[in-house]
Number of protein chains: 2
Amino acid sequence: MAKGHVRLADVARAAGVSQGTASNVFSRPDVVREEVRERVLNVARELGYRGPDIKGRLLRAGRVNAIGVAAVEPLTYFFDDPWARSLMTAIGEVCDASGTGIAVVSAMNEERLAWNINSALVDGFILLCVEGGERLVELTRQRQLPFIALALGIEDATIPAIGIDNVSGAAAAARHLLELGHRNIAILSIGDVDGLVGPIAPERVDPEMEATPRDRMHGYWQALAEYGISREAVPIQGTLHDRPSTLTAMAALFSSDTPPTAILAMSDKVALYAIQWLAERGLKVPEDVSIVGFDGVPEAATSLPRLTTVAQPFAEIARRSVTAILENALPKDHEALDLELVVRDSTAPPRSR
Amino acid sequence: MAKGHVRLADVARAAGVSQGTASNVFSRPDVVREEVRERVLNVARELGYRGPDIKGRLLRAGRVNAIGVAAVEPLTYFFDDPWARSLMTAIGEVCDASGTGIAVVSAMNEERLAWNINSALVDGFILLCVEGGERLVELTRQRQLPFIALALGIEDATIPAIGIDNVSGAAAAARHLLELGHRNIAILSIGDVDGLVGPIAPERVDPEMEATPRDRMHGYWQALAEYGISREAVPIQGTLHDRPSTLTAMAALFSSDTPPTAILAMSDKVALYAIQWLAERGLKVPEDVSIVGFDGVPEAATSLPRLTTVAQPFAEIARRSVTAILENALPKDHEALDLELVVRDSTAPPRSR
DNA sequence: TCCGTTTATTGAATCGATTCAACATGTGAA
DNA sequence: TTCACATGTTGAATCGATTCAATAAACGGA
């Protein structure tokens with residue numbers, strides 16, 4: 001009492017019970033006799049005691065009841081980027097159900113990454129590995145907390161990870177356009193590699209591209225091959241997954257003599273930018289140009305027109321990740337979940353039919 | 001060593017130094033002699049010691065380096081709702097600059113709210129008080145950590161809060177439409193009160209409406225009065241700030257004999273839904289109907305057409321909130337920041353001119 | 001050589017709770 | 001009356017670090 005803060009020990013002494021009993025009054029009220037409990041609670045109130053301090057509890061119990069979500073991106077990424085947000089929303093839903101909190105941890109530079117990962121007060125991590133995944137995993141491993149990697153481009157089977165079947169998903173998207181009758185199709189790729197903007201030759205895909213866009217590319221090619229269309233016949237424009245580079249890419253695609261009648265975009269974000277570009281030039285979707293996105297972010301369902309896309313099972317990914325961490329039951333293998341083609345209003349048969 | 005976990009004391013013993021010195025090696029390396037430091041670090045490496053455990057450090061040092069953002073909403077709200085996201089993005093930016101982490105804490109039901117607020121490991125709270133603000137503030141107060149309330153509808157000057165000048169902001173929006181020549185204007189209000197959906201009579205505004213929409217309403221009325229338009233002449237439709245109720249409200253507004261030529265929407269979210277409704281009916285914005293939103297969320301800048309709106313100074317709000325908490329320098333008074341009318345493409349003179 | 005400084009290290013106290021073996025007490029059955 | 005058992009309570013150990021007063025060692029100046 002004298003020292004500013006009232007602690008459990010003070011309450012215990014003032015109420016004439018042991019510290020153990022006082023602790024029980026707050027943490028396991030059912031084991032202490034009602035009469036004693038009331039007395040302790042009254043004393044606590046008089047003294048202005050606010051209940052057990054979490055820091056002490058934490059030290060002893062070791063559980064925080066929160067999971068950390070980390071990415072090699074600024075904090076704004078979690079609230080900005082459609083893919084990240086879709087995931088966060090799904091994770092939020094699962095955490096809400098179990099009363100778990102979420103801490104977002106970011107790290108742009110190496111130094112801070114290490115610090116942030118090490119000092120986040122969480123019971124485990126979900127790693128968003130779109131970029132810099134390798135380093136992120138390594139760092140998190142050192143923390144010796146359960147973690148699970150999402151969107152990991154690394155093969156290493158010792159890393160618990162949940163992935164998606166990008167190849168079949170992409171193939172489904174391409175097949176959809178082909179079935180509608182499109183034969184003049186272009187691809188809008190995504191990535192963080194500066195060298196991969198503008199036109200990309202097929203032979204550069206395997207050596208230079210990151211895992212996710214590479215897999216999607218192969219999925220596209222696979223379906224195109226089924227219809228006898230060779231890789232070389234399909235123009236690829238690389239974007240940095242942002243607005244400016246997408247607009248540039250679109251301009252390049254449509255400056256051709258035979259502009260595409262359909263576009264395969266490797267993300268909904270890019271697809272949506274592409275639609276904006278088309279709208280500004282008076283080209284109608286899907287009448288003039290069809291477009292298929294990727295990811296299945298919520299914006300795709302409310303855009304104008306509503307976007308046909310390949311949806312990730314965000315809810316399932318979130319459910320598995322969170323329970324894996326909370327129950328410390330990490331998957332042994334990499335799991336790859338299926339994607340689902342969601343046909344909406346941005347695709348139609350080509351006009352020239 | 002024997003007990004699974006290696007702790008600082010083990011390292012100290014193995015290296016033949018005191019625990020104090022071992023601690024310094026990690027936390028204040030500059031004060032220990034290089035030779036000793038190296039020795040300790042080597043031993044630590046051999047033993048597999050990962051550096052100081054944050055839980056112990058926390059207990060002693062008491063600082064977490066993270067701020068909590070709380071709302072009486074599900075966790076998904078933080079990643080879903082445009083207003084919340086704008087704020088979170090701005091907060092993220094400030095936190096990034098100072099290396100601070102963010103924990104989001106939610107609470108739908110009373111019981112869990114208390115628990116979540118009490119067990120969040122943070123140095124302070126930013127409270128999103130759009131709904132249930134009063135209770136949220138009360139609970140947080142008990143935690144005895146610095147906190148600051150945003151979008152608070154309560155007058156109580158003892159609560160540190162940052163607000164915005166809703167009245168002048170709304171007035172500016174209305175004035176903009178009036179200056180363009182609109183005289184037949186309708187209002188789309190927002191709120192969480194079930195009774196306030198559908199047509200709302202002006203006399204119900206003061207007694208029944210929450211603070212934010214009420215203030216905005218008065219701002220609208222103020223500007224309308226300047227042009228000699230009485231409150232009674234302006235139809236108000238209440239929405240629950242979601243899609244279905246907005247569509248219903250729009251339908252009601254346009255079933256009138258004299259449908260409005262312009263709409264004042266109390267949020268960008270609602271404004272965007274309204275535009276969708278109009279688009280589906282073939283009504284063009286701004287040619288057929290002008291619309292002004294409120295808040296200045298990023299979607300408003302990229303929608304089709306780009307939305308004219310009254311922008312909140314999110315960056316400034318975030319900057320002030322975060323620094324107030326980090327430096328424990330809470331504002332004495334309620335601060336009210338100015339809003340800015342951002343004219344874009346969703347407003348034009350009425351057609352019939 | 002002696003003394004005053006500076007620098008590095010030690011050891012013990014501390015942060016604030018939880019946990020658990022041991023002990024009291026009360027109850028019912030044999 | 002005695003024993004077994006359930007129920008409450010106690011006291012001390014523990015979690016894993018940081019901090020600080022006290023001490024030791026090294027150094028420089030007179």
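Sequence lines set the chain letters: A, B, ... in the order given, protein chains first and strands last, and positions in each chain run from 1.
The distance from atom CD1 of B:I54 to atom C1' of D:dC15 is 14 Å, rounded to the nearest whole Å. A:R50 has its CZ atom 17 Å from the C1' atom of C:dG16, to the nearest Å. If you take CG of A:D53 and P of C:dT18, they are 10 Å apart, rounded to a whole angstrom. Summarising the geometry, the separation between CD on A:Q144 and P on D:dG16 is reported as 12 Å, rounded to the nearest angstrom. A:R28 has its CZ atom 8 Å from the P atom of C:dC20, to the nearest Å. Between A:E35 atom CD and D:dG8 atom P the separation is 12 Å, expressed in whole Å. Atom CZ of B:F26 is separated from atom P of D:dT18 by 10 Å (rounded to the nearest Å). When the P atom of C:dA17 is taken as reference, atom CZ of A:R13 falls 12 Å away, rounded to whole Å.
Put simply, A:S18 has no side-chain N or O that comes within less than 4.0 Å of OP1 or OP2 on D:dT9. Phosphate contact (OP1/OP2 of D:dA17, side-chain N/O of B:Y49, threshold under 4.0 Å): present. B:S27 has a side-chain polar atom (N or O) that falls below the 4.0 Å cut-off from OP1 or OP2 of D:dT18. Considering only side-chain N and O atoms, B:T21 lies under 4.0 angstrom from the phosphate OP1 or OP2 of C:dT10. Side-chain nitrogen and oxygen atoms of A:R57 include none within less than 4.0 Å of the OP1 or OP2 phosphate oxygen of C:dG16.
Picking from C:dT18, C:dT10, C:dT9 the nucleotide with the shortest atom distance to the side chain of B:V36 gives C:dT9. Nearest nucleotide to the side chain of A:R7, out of D:dA17, D:dT9, C:dG16: C:dG16. Here the nucleotide nearest the side chain of B:L8, chosen from D:dC15, D:dT9, D:dT18, is D:dT18.
For the pair B:N24 and B:G56, nearest-nucleotide mapping onto DNA chain D gives the more 5' position to B:G56. In terms of position along DNA chain D, the nucleotide closest to A:G16 lies nearer the 5' end than the nucleotide closest to the other residue of the pair A:G16 and B:K55.
Nearest heavy-atom pair across A:G92 and B:T76 is C-CG2, 4.1 Å.
Put simply, the side chain of A:Q19 and the base of D:dA12 share no donor and acceptor less than 3.5 Å apart.
For the residue pair B:S86 / B:D295, no side-chain donor-acceptor distance below 3.5 Å is found, with atom types taken as modelled. No donor-acceptor contact under 3.5 angstrom links the side chains of A:R39 and A:N42, judged on distance only.
Side-chain contact check for B:M88 versus B:V104: some heavy-atom pair is nearer than 4.5 Å.
Scored by the side-chain hydrogen bond (donor to acceptor under 3.5 Å, both in side chains) test, A:R319 finds A:E316 as partners (sequence neighbours excluded).
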